[in-house]
Undergrad: 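Take a look at the following structure, please.
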Amino acid sequence: MKMIYTLFLFALLSSACHAFVNDFCVANLKGRDGPSGYECKPPNTVTVDDFVFSGFVAGNTSGIFNAAVTPAFVTELPGVNGLGLSAARLDLAKGGFVPVHSHTASSEIMIMVKGEITAGFITPSAAYQKTLKPGDVMVFPQGLLHFQVNSGKGKATAFLAFSNPSPGAQLLDLLLFGNNLPSELISQTTLLDYEQVKKLKARFGGRG
């Protein structure tokens, strides 16, 4: 038993020393991406551009949701690798929305800068929603289903911050209707009308 405690303490100290010795771990995007992030670039190849992202401009909102998310995740900003954070810009055209979705490995903060967005999240026992205006900030706890809808009369813009360099997203609509499960099965398990399921499958590129 003493040996197990000794090995555990050694591993803990080793990881702590590693964290203090390395000020950062810029992602080597050509390497492997594991649970703890990308491998580090050799320090002599790191430049200031690894810590700067210059593409935080309005995205194309002409898609199916009339929304655009411009990410500054680890793949766009390698310097956030291992730091437990990233960012994105959200642009919503009039009537645009981000459908119900979740980030299984990240919490999210939304900072309103333009227009009006009604946003909220859902728990097993309650739903929380608020209409937000410039200067408002809302947090979405990790893993919970949430959404954003442009409820104003013009365009809306917000900046997002995440507690993970690669927050990912699971969109409920795409998961339900962008697959090859039989429409009859989806209709049966969701209580949705069969014809409506087929219509949504066609819209989201699903089959069956």
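What you are looking at is a predicted structure, and each value in this text was computed from that prediction instead of being measured. Because only heavy atoms are used, hydrogens play no part in the values below, and waters and symmetry mates are left out as well, while side chains stay in.
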Undergrad: Name all residues meeting the side-chain contact (heavy atoms from CB on, under 4.5 Å) criterion together with Leu175; count only those two or more places apart in sequence or in a different chain, and write none if there are none.
TA: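 For Leu175, the residues satisfying side-chain contact (heavy atoms from CB on, under 4.5 Å) (neighbours in sequence not counted) are Gln170.
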Undergrad: If we only count heavy atoms from C-beta on, is the Val98 to Leu90 side-chain gap below 4.5 Å?
TA: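 Yes, at least one pair of side-chain atoms sits under 4.5 Å.
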Undergrad: Using modelled atom types and a 3.5 Å cut-off, is there a donor and acceptor pairing between side-chain atoms of Gln196 and backbone atoms of Asp193?
TA: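 No, because the side chain of Gln196 does not come within donor-acceptor range (under 3.5 Å) of the backbone of Asp193.
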Undergrad: With Asn179, which residues qualify under side-chain contact (heavy atoms from CB on, under 4.5 Å), at least two apart?
TA: Leu181, Ile186, Lys201
Undergrad: Mind checking whether Leu83 and Val46 sit in one hydrophobic cluster, side chains of I, L, V, M, F, W, Y counted as touching below 4.5 Å?
TA: no
Undergrad: side-chain contact (heavy atoms from CB on, under 4.5 Å) with Asn180: which residues, sequence neighbours excluded?
TA: Arg207
Undergrad: Which heavy-atom pair separates Pro78 from Leu29 by the least distance, and what is that distance?
TA: CG-CD1, 4.1 Å
Undergrad: Whether the side chain of Ser187 engages the backbone of Leu192 through a donor-acceptor N/O pair (distance < 3.5 Å, no angle test) should be reported.
TA: yes
Undergrad: Do Gln142 and Ser106 meet the criterion of a side-chain donor-acceptor pair at a distance under 3.5 Å?
TA: no
Undergrad: Determine, step by step, whether Ile117 and Leu92 satisfy the side chain to side chain contact (heavy atoms under 4.5 Å, CB included) criterion, reporting the C-alpha distance in whole Å, the side-chain angles of both residues, the deciding distance to 0.1 Å, and the verdict.
TA: CA-CA 9 Å; Ile117 293 177; Leu92 297 175; 3.8 Å; yes
Undergrad: Before we go on, tell me: are the rings of His103 and Phe162 under 6.0 Å apart, centre to centre?
TA: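 Judged by ring-centre distance (under 6.0 Å), His103 and Phe162 do meet the cut-off.
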Undergrad: For the atom pair CZ (Phe53) and OG1 (Thr70), what is the distance rounded to the nearest 0.5 Å?
TA: 7.0 Å
Undergrad: What's the shortest heavy-atom distance between Asn28 and Tyr38, and which atoms?
TA: O-CD2, 3.5 Å
Undergrad: Looking at every non-hydrogen atom in both residues, tell me the closest pair between Met138 and Gly120 and how far apart they are.
TA: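 Taking every non-hydrogen atom into account, CE-CA, 3.9 Å.
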Undergrad: Heavy-atom count check: over 12 atoms from other residues, nucleotides or ligands less than 6.0 Å from Glu184 CD?
TA: yes
Undergrad: List the steps, then state whether side chain to side chain contact (heavy atoms under 4.5 Å, CB included) holds for Lys199 with Phe177.
TA: CA-CA 9 Å; Lys199 179 179 177 181; Phe177 308 113; over 6 Å; no
Undergrad: If we ignore hydrogens and angles and just use 3.5 Å, is the side chain of Asn150 paired with the main-chain N or O of Phe97 as donor and acceptor?
TA: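 Side chain of Asn150 to backbone of Phe97: no pair is present.
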Undergrad: Is the distance between the ring centroids of Phe159 and Phe56 under 6.0 Å?
TA: yes
Undergrad: What's the spacing between Gln129 CD and Ser151 OG if we round to 0.5 Å?
TA: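 Separation between the atoms: 9.5 Å.
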Undergrad: We want to know whether Thr61 and Asn66 form a side-chain donor-acceptor pair, criterion being a heavy-atom distance below 3.5 angstrom.
TA: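 The answer is no; no qualifying pair exists.
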Undergrad: Could you work out, with side chain to side chain donor-acceptor pair (under 3.5 Å) as the rule, every residue matching Lys198, not counting sequence neighbours?
TA: none
Undergrad: Minimum heavy-atom separation for Ala88 and Val69, please, with both atom names.
TA: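 In terms of heavy atoms, the two residues are closest at CB-CG1, 4.0 Å.
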Undergrad: Linking I/L/V/M/F/W/Y whenever any side-chain heavy atoms sit under 4.5 Å apart, do Met110 and Val113 land together?
TA: no
Undergrad: Side-chain heavy atoms nearer than 4.5 Å, only ILVMFWY residues, links allowed to pass through others: does that put Leu160 and Leu145 together?
TA: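 No, separate clusters.
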Undergrad: Can you name the residues that form a side-chain contact (heavy atoms from CB on, under 4.5 Å) with Ser166, not counting sequence neighbours?
TA: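 Expected list: Val74, Asn164.
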Undergrad: Does a donor on one side chain sit under 3.5 Å from an acceptor on the other, for Thr131 and Thr118?
TA: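 Judged by distance alone, the side chains do pair up.
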Undergrad: Might you point out which heavy atoms bring Glu108 and Gln148 nearest each other, and give the distance in Å?
TA: OE2-NE2, 3.3 Å
Undergrad: If I compare all heavy atoms of Gly143 with all of Ser102, which pair ends up nearest, and what's the gap?
TA: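 Smallest heavy-atom distance, with atoms named: O-CB, 3.7 Å.
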Undergrad: Measuring from Asn81:CG to Glu39:CD, what's the distance to the nearest 0.5 Å?
TA: 10.0 Å
Undergrad: For residues Asp173 and Leu200, determine if any side-chain heavy atom of one lies less than 4.5 Å from a side-chain heavy atom of the other.
TA: no
Undergrad: Indicate if Ile64 and Leu176 have the same hydrophobic cluster label, given that clusters are the connected sets of ILVMFWY residues with side-chain heavy-atom separations under 4.5 angstrom.
TA: yes
Undergrad: Given Ile122 and Tyr128, is the side chain to side chain contact (heavy atoms under 4.5 Å, CB included) satisfied, shown in steps?
TA: CA-CA 6 Å; Ile122 306 164; Tyr128 302 86; over 6 Å; no
Undergrad: Any link between Leu132 and Phe147 through a network of hydrophobic side chains (Ile, Leu, Val, Met, Phe, Trp, Tyr) touching at under 4.5 Å?
TA: no
Undergrad: So, Phe121 versus His146, ring centres under 6.0 angstrom or not?
TA: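 So the answer is no for these two rings.
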Undergrad: Could you name each residue pair satisfying salt bridge (charged side-chain N to carboxylate O under 4.0 Å, His left out) that touches residues 40-69, not counting sequence neighbours?
TA: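 Counting only pairs at least two positions apart or across chains, the salt bridge (charged side-chain N to carboxylate O under 4.0 Å, His left out) contacts touching residues 40-69 are Lys41-Asp50.
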Undergrad: In sequence, state the C-alpha distance, the side-chain angles, and the governing distance for Ser183 and Leu185, and then conclude on side chain to side chain contact (heavy atoms under 4.5 Å, CB included).
TA: CA-CA 5 Å; Ser183 296; Leu185 183 60; over 6 Å; no
